[in-house]
There are 2 protein chains.
Amino acid sequence: MAVRVDLNISLDGFATTTDQTPEQPMGEDWMRLVGAYIATRTFRERVFKDTSGAGTTGIDDKYASAYFDNIGAEIMGAGMFGLHNFPDDPNWQGWWGDEPPFHCPVFVLTHRKRALIEMAGCTTFHFIETTPAEALKQAVAVAGGKDVRIGGGASTVREFLKAGLVDRLHVAIVPILLGRGIRLWDDLRGLEAGYSVASETAESGVIHLTFRR
Amino acid sequence: MAVRVDLNISLDGFATTTDQTPEQPMGEDWMRLVGAYIATRTFRERVFKDTSGAGTTGIDDKYASAYFDNIGAEIMGAGMFGLHNFPDDPNWQGWWGDEPPFHCPVFVLTHRKRALIEMAGCTTFHFIETTPAEALKQAVAVAGGKDVRIGGGASTVREFLKAGLVDRLHVAIVPILLGRGIRLWDDLRGLEAGYSVASETAESGVIHLTFRR
């Protein structure tokens, strides 16, 4: 069992963008951040249900495939679920569609009390208010020995990193400068201690960097 | 003739560190930032005058060799020269030793009027107060058709990047998190437009990323 993070960030370190609107929930900047990832064959198969075999098959796809492998539970911030956008609608089920791409229990960290949501494809959303360490315990308990992913956003991931709870951090660094958003790396001086770090550049220009312990 | 930048930055984007003291002018963080660069055979030969052939010869050395190649003039900020540390000493000749590693005219951007300094090894320090574009004109005029380097620090480089004056930006991204210092990437949203971007990872773990136009 490992606690894993996979995030796309810009060269200037922004993992969460700020140009979202209700009509375009991810924003243009976000599309640029994840463009190479969305273009992979694995993403097209797993998320878009495109079984034509279209999509890239290089280094980006290797990471996309690893992304979906062996996750037993996921933890995310309220913003990643979408709570901040429709905070007062108790029927709002998040941005992730009728069949979210998680296929496992998802723990959403929030101060708001909300009832459990069960979605198609075995995704369940549990809304909890607790510390990173305690949330992780709950996730591990239902992960069936598989890995737990800290899904995002950047602030949530940073809290888990600062608490020393992450075993493997993979960042896909996209060589663009966004200049605004939420930075992943703030206040993480010395994070590299205790990790080995390796990186490789994909055909798309995306740099895949992995901290492992 | 190209206008070039070569900088070492941390993963969180800091190019200039803040733990310098008069006794340790570069600081420990700076040593970590440039460690792989200093370890190259080229740096040892060119800066330390070590002709034993010791030093690394891989990808880091390829960039170190390119760093020293074909520079006809250099522009730097007052901090990189060292003016901020002994601002009131008219005899202070900067951090760079009796024979600075530039071997060309160096233009130091500063509001302080200072006389030209001629050092051993053909380095001359010219203190000028002007805009990036005007400083570049002066540097080009004495560069003899060779390239002009914007040496640093981060704030000076950023001004030249924002003014659209840089043809080739090479950053050596060291996979450490410093958490403090001066960021290279602030306020450069969209810089990648008009450049092609390529990267490769050295044996040391340093990621060499180059913007070219």
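Just so we're clear, the structure is a prediction, and the values are computed from it rather than from any experiment. Naming convention: chains lettered A, B, ... in sequence-line order (proteins, then strands); numbering from 1 in each chain.
- In terms of modelled atom types and a separation under 3.5 Å, the side chain of B:Arg189 and the main chain of A:Leu178 share a donor-acceptor contact.
- Ion pairing of A:Asp186 with B:Arg183 is present here, as a side-chain N (NZ or NE/NH1/NH2) and a carboxylate O approach within less than 4.0 Å.
- Listed for the A:Glu192 side chain is a donor-acceptor partner under 3.5 Å among the backbone atoms of B:Leu177.
- Residue contact with chain B, scored on non-hydrogen atoms closer than 4.5 Å, involves the side chain of A:Phe211 exclusively.
- Minimum heavy-atom separation, A:Leu209 to B:Ile207: CD1-CD1, 3.6 Å.
- Heavy-atom pairs under 4.5 Å with chain A were tallied for B:Val171, B:Ile176, B:Leu188; the largest tally goes to B:Ile176.
- Between B:Gly205 and A:Ser199, the shortest heavy-atom distance links the atoms O-OG, 4.4 Å.
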Report task. Output, in order, the C-alpha distance, side-chain angles, deciding distance and verdict of side-chain contact (heavy atoms from CB on, under 4.5 Å) for B:Asp12 and A:Leu191. Result -> CA-CA 11 Å; B:Asp12 46 354; A:Leu191 177 71; over 6 Å; no
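- Neither the backbone nor the side chain of B:Tyr195 comes within less than 4.5 Å of any heavy atom in chain A.
- Taking B:Ser10, B:Pro175, B:Ala193, B:Gly13 one by one and counting their heavy-atom pairs under 4.5 Å with chain A, the maximum is reached by B:Pro175.
- Heavy atoms of B:Ile173 lying under 4.5 Å from chain A belong exclusively to its side chain.
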